[in-house]
Amino acid sequence: MNTVTKPLYKDKIVAQQRALQDPDWVKWSLITIALSFISLFICIPLGLVIVQAFSKGLEAYWSALTQPDTLAAIKLTLLVAVVTVPLNTVFGVAAAWAITRFDFKGKSFLTTLIDLPFSVSPVISGLIFVLLFGAEGWFGEWLMEHDVKIIFAVPGIILATLFITFPFVARQLIPLMQEMGNQEEEAALSLGAGGWKTFWAVTIPNIKWALLYGVLLCNARAMGEFGAVSVVSGHIRGMTNTLPLHVEVSYNDYDVVGAFASASILAALAIVTLILKTALEWKQTNR
Amino acid sequence: MSILLSDISKNFGAFTALNHINLEVPEGELVALLGPSGCGKTTLLRIIAGLEHTDKGRVLINGDDKTDQNVSQRGIGFVFQHYALFRHMTVFENVAFGLRVKPKRDRPSNEIITKKVHALLDLVQLDWLHNRYPDQLSGGQRQRIALARALAVEPSVLLLDEPFGALDASVRKDLRQWLRNLHHELNVTSIFVTHDQEEAMEVASQVVVLNHGQIEQQGSPSDIYDHPANAFVSRFIGQTNVFDLDEHDADWLQTAGLLNPTQEGKIAHVRPHDIIIEKSDANHAAPATLKDWQHLGALIRLELVKNGSNGSTAPVFAEMPNDQFKQLELARGDKINLKIRQAHWFH
Amino acid sequence: MSQSSVMPGFRPTIGFTLFYLGLVVLIPLSTLVFKSFELNWDDYVHIITSKRVLSSFRVSFTTALIAASIASVFGFITAWVLVRYSFFGKNIFHALIDLPFALPTAVAGIVLATIFQPSGFLGKLLMDNFGIQIAFKPAGIVVALIFISIPFVVRTVEPVLLEFETTMEEAGSSLGASRLQVFTKIIFPNIFPALLTGFALAFARGVGEYGSVIFIAGNIPYVSEIVPLLIVIKLEQFDIKGATAIALTMLVISFLLLLLINLLQLWVRKRSGQL
């Protein structure tokens, strides 16, 4: 396990609370301010999704969800996640291995490059694929001649999502594997284990929770991405609308129940993500 | 200033940290609170400082009841175990802090603060570091800066929590001596917490031994060593051989010369240097055999095995000066006669 | 070159990393730069200095600045409360802080628009009592960006506050400092670099944010039209050049801002002896 033994989160909380106490009126005013702020900006919006989705009753909610366009959007969203998440997971593990287990020139530059998609606006992330594969793009003519559609089609959506969710897994693994060091892997190798064996038997068990956490965040973003996907999708109903795009289209058509019914699925996804994340954090501090 | 603690009790949940503590520290003393970890010594120090509230009892400093006063008004100097220097301030600003946060009417002018801080840094011999940040100092330097910072507000009492605990052994030795001298110079009533009996004996003018939240004994270092009040103190202060009459063969004890008509109690504690040794002339009735010895610098520690005892088989330790040991020309396996010079008896 | 010659797998992992990084990130991103070479300088200046583009930049940067500032103040208080105090339901609040990370932006967008529109739950309240309209105005953008900013501030400040040595506070108190002095002179200076980072992350994200903003902003040109939206509008009008010019400008400004803030942080750390 880790050579650095860190005090548990809980122990720190206890230590913090034993420190000099703030006067009660300060404490309760600050708690009130914080809770009002969080309620206003987080709790109320979350509650409203449910309220609006069921505003015309359970039947309207169900028929909105089972509409062919909604079902097509759900299918496409799942397809996008199924393709992008594994790819970025494999990349994240490979990148973390190369960066944390070896020393080479330009390592910190490489780490910065991996984070790049985080600092690019989603709209620009979509735009760059239009510039590459769109009608006026570099490969536009060639694609047209060979009748391959990327922009305003599923491949474009997948590419934009790949770009957006690119850093998630690598970002979770790099700091953890850095801190762990490679003594355990060296020990395994010295005992005669091969490279793959070492990776599966020593590395993976040590990083599994962080890996799962990264996959979780990657998946949430892949299913929920709006800006980048919106630029490359073309909003063709039943064809290139992912669930978040379907939310937008329904909302703009004043189909409140439809929009919020789809939104409720995405909100549920967010909640599940948060619950799993909390559980994983708990696991990691209590292992 | 004198410190008076009357009937102090403190619980953390179900755990009793301090149990009816009464303690008087006369002005100008340098007192060690000594005890094993978890005995409540740090809690007691924090209560005197006002960093922890008491459940029961009063804290009086120079006759004034300070129990309900906040730590920031108590006028104490506190040196924290890991120094707690302000990481974002230079050494100079750390020491000046206590002066700068005084209310406007009591706050000295900037020139006076500068002069005073430099004087204090001179006192701890670190003025040349005044522009550094804490992260750039060694442990011993941080310790002395923390002390200078606590002294800047001219505290009525100085409280130090494990002041040498986080230092290397060699630095610790130097600093002990230095703290003693500084105390002589300033003569401010001081209390420090330690779990190291050697440190307490070496530095303090008074030692208070704590165990399980209670005071076992208070007195000068020689008092505590020569007249331990109970078995715990005797065992905690220095090495000791324990002879329990229930576990030992009375005959053997008789041969060793331990039993005498005036004994009171049934457990005898004997310091290793109170055992006098002579070579026996291959006599089978000799009470002990020399098993091994270790060099402790000026002293030699001998490990003896008891002969002809059906009781406890624990080895007996004796100590003697190096040159005396050489004169005896002992070898492993030699039969030994022993005479016990002095024992402390406990029930 | 490698840190430990016994470790296997350097060539395949670094090879795949570079290949995939190039394919998915670097080549696409570089098209933006190369495409902009097709523009001449005069065209570029003409596009960027048009009134509508300048207005959108003003709207995007001011709203992001205001939102990040507000989120910094309340985010700091929230992090403080979560670390220092215990109260009923704290764990749930703790988990909910990350909701803006997990909730798709389109969902946040329609929800906030529904709440703050003049007929909405809070919009009506504000309209009837104070005559304030949030949605379809720049204030609406600020609201959406505050939502997005919360986790950036809280999650950056929280660990630093947790690691903060409370003995420093005790030392301050023992030297006679009042609780307020301890806060302003000891706690805050130590937390400030983290707060600055949180602010910067929130600001950078806010400038580029699209999904949560467009529903509540009203998107009135010159008033509440943000830069990302203008890029989309240009694209929909097949004005690729215009879209490219604006996007490149925004990208460069974002990178410059991040650089500036990194330097500022370095300076703060140096000044406070943490380096």
Side-chain angles (χ1 to χ4, degrees), chain A residues 12 16-17 19-20 22 27 30-31 33-34 37-38 41-42 44-46 48-49 52 91 94-95 97-98 101-104 113 116-117 119 121-124 127-132 136 138 162-163 166 182 186 189 195 220 224 226-227 231 244 247-248 251 259 263 266-267 270 273-274 278, chain C residues 1-4 6-10 13-14 16-17 20-21 24-25 28-29 31-32 35 74 77-78 80-81 83-85 87 93 95-96 98-99 102-107 110-112 114-115 146-147 150 162 166 169-170 173 204 208 210-211 228 231-232 235 240 243 247 250-251 254 258:
Chain A
K12 275 190 190 151
Q16 293 273 10
Q17 280 164 359
L20 298 168
D22 296 323
K27 174 178 162 180
L30 289 178
I31 290 180
I33 293 171
F37 179 69
I38 297 304
F41 281 97
I42 291 180
I44 293 180
L46 194 57
L48 192 99
V49 178
Q52 290 286 338
F91 160 75
W97 182 268
R101 294 297 176 254
F102 302 95
D103 246 341
F104 52 90
L113 284 183
L116 208 55
S119 40
S121 168
V123 169
I124 296 180
L127 172 71
I128 54 180
F129 289 100
V130 174
L131 294 182
L132 265 179
E136 283 183 53
W138 280 0
L162 269 184
F163 180 92
F166 181 82
N182 55 7
E186 283 179 346
L189 291 168
F226 175 75
V231 171
V247 169
E248 183 202 14
Y251 184 79
L266 291 169
T273 304
L274 287 189
T278 311
Chain C
M1 219 37 187
S2 62
Q3 171 185 344
S4 141
V6 298
M7 281 304 211
F10 180 64
T13 52
I14 193 75
F16 179 66
T17 300
Y20 190 75
L21 175 75
V24 176
V25 176
L29 207 54
T31 37
L32 185 62
K35 196 81 186 173
F74 288 98
I77 296 174
T78 306
W80 177 270
V81 162
V83 171
R84 290 298 177 105
Y85 307 139
F87 50 90
F93 275 101
L96 277 175
D98 282 330
L99 186 77
L103 193 69
T105 52
V107 178
I110 64 165
V111 168
L112 291 172
T114 307
I115 294 175
I146 290 175
F147 173 82
I150 293 169
L162 211 54
T166 47
E169 287 171 52
E170 294 184 345
S173 290
Y210 177 69
I231 295 175
V232 171
L235 260 182
I240 300 278
M250 190 159 126
L251 205 61
S254 303
L258 277 181

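Atoms considered below: every heavy atom in the structure, side chains included; atoms not considered: hydrogens, waters and symmetry mates. Note that the coordinates shown come from a computational prediction; the quantities given were computed from them, not determined experimentally. Quick note on labels: first sequence line is chain A, next is B, and so on, each numbered from 1.
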Answer with side chain, backbone, both or neither: which region of C:V81 has an atom nearer than 4.5 Å to a non-hydrogen atom of chain A? side chain

Mind ranking A:L48, A:T273, A:T278 by heavy-atom pairs under 4.5 Å with chain C and telling me who comes out on top? A:L48

I'd like to know which of C:F93, C:F16, C:F147, C:Y20 tops the heavy-atom pair count under 4.5 Å against chain A. C:Y20

Considering only heavy atoms from C-beta outward, does the side chain of C:M7 approach that of A:L189 to under 4.5 Å? yes

Sorted by chain and residue number, the ring pair (Phe, Tyr, Trp, His ring centres under 6.0 Å) partners of A:Y251 (sequence neighbours excluded) come out as C:F215

So which part of C:L235 gets closer than 4.5 Å to some heavy atom of chain A, the side chain, the backbone, both or neither? side chain

Among C:T114, C:I14, C:T31, who wins on heavy-atom pairs under 4.5 Å with chain A? C:T31

Interface moiety of C:A204 toward chain A, non-hydrogen atoms closer than 4.5 Å: neither

Select one option (side chain, backbone, both, neither) describing which atoms of C:L103 are under 4.5 Å from chain A's heavy atoms. both

Relative to chain C, which of A:L30, A:L46, A:L113 shows the most heavy atom pairs under 4.5 Å? A:L30

Nearest non-hydrogen partners of C:P28 and A:I128, listed with the distance: O-CB, 3.3 Å

A:F37 side chain near C:I77 side chain, heavy-atom distance below 4.5 Å: no

Minimum heavy-atom distance between C:Y210 and C:P228, given as atom pair plus value: CD1-CB, 3.9 Å

Run C:F74 and A:F41 through ring pair (Phe, Tyr, Trp, His ring centres under 6.0 Å) and show every step you take. CA-CA 11 Å; C:F74 288 98; A:F41 281 97; 8.3 Å; no

Measure distances from A:I124 to the heavy atoms of chain C and classify the residue's part below 4.5 Å as side chain, backbone, both or neither. side chain

With a 4.5 Å cut-off on side-chain heavy atoms, are A:V123 and C:M250 touching? no

Side chain, backbone, both or neither: which part of C:I150 has an atom under 4.5 Å from a heavy atom of chain A? side chain

Close side-chain approach of A:I33 and C:W80, heavy atoms under 4.5 Å: no

For A:F91, is it the side chain, the backbone, both or neither that has a heavy atom under 4.5 Å from a heavy atom of chain C? both

Would you say A:V231 and A:V130 make side-chain contact, with heavy atoms under 4.5 Å? yes

In terms of heavy-atom proximity below 4.5 Å to chain C, should A:L274 be classed as side chain, backbone, both, or neither? side chain

Could you tell me which portion of A:L116 (side chain, backbone, both or neither) has an atom closer than 4.5 angstrom to a non-hydrogen atom of chain C? side chain

Among C:V232, C:L251, C:L21, which has the most heavy-atom pairs under 4.5 Å with chain A? C:L21

Under 4.5 Å from any heavy atom of chain A, what part of C:F87 do you find: side chain, backbone, both or neither? side chain

How long is the gap from CD1 on C:I240 to NZ on C:K35, to the nearest 0.5 Å? 7.0 Å

Honestly, the part of A:F163 sitting under 4.5 Å from a heavy atom of chain C is both

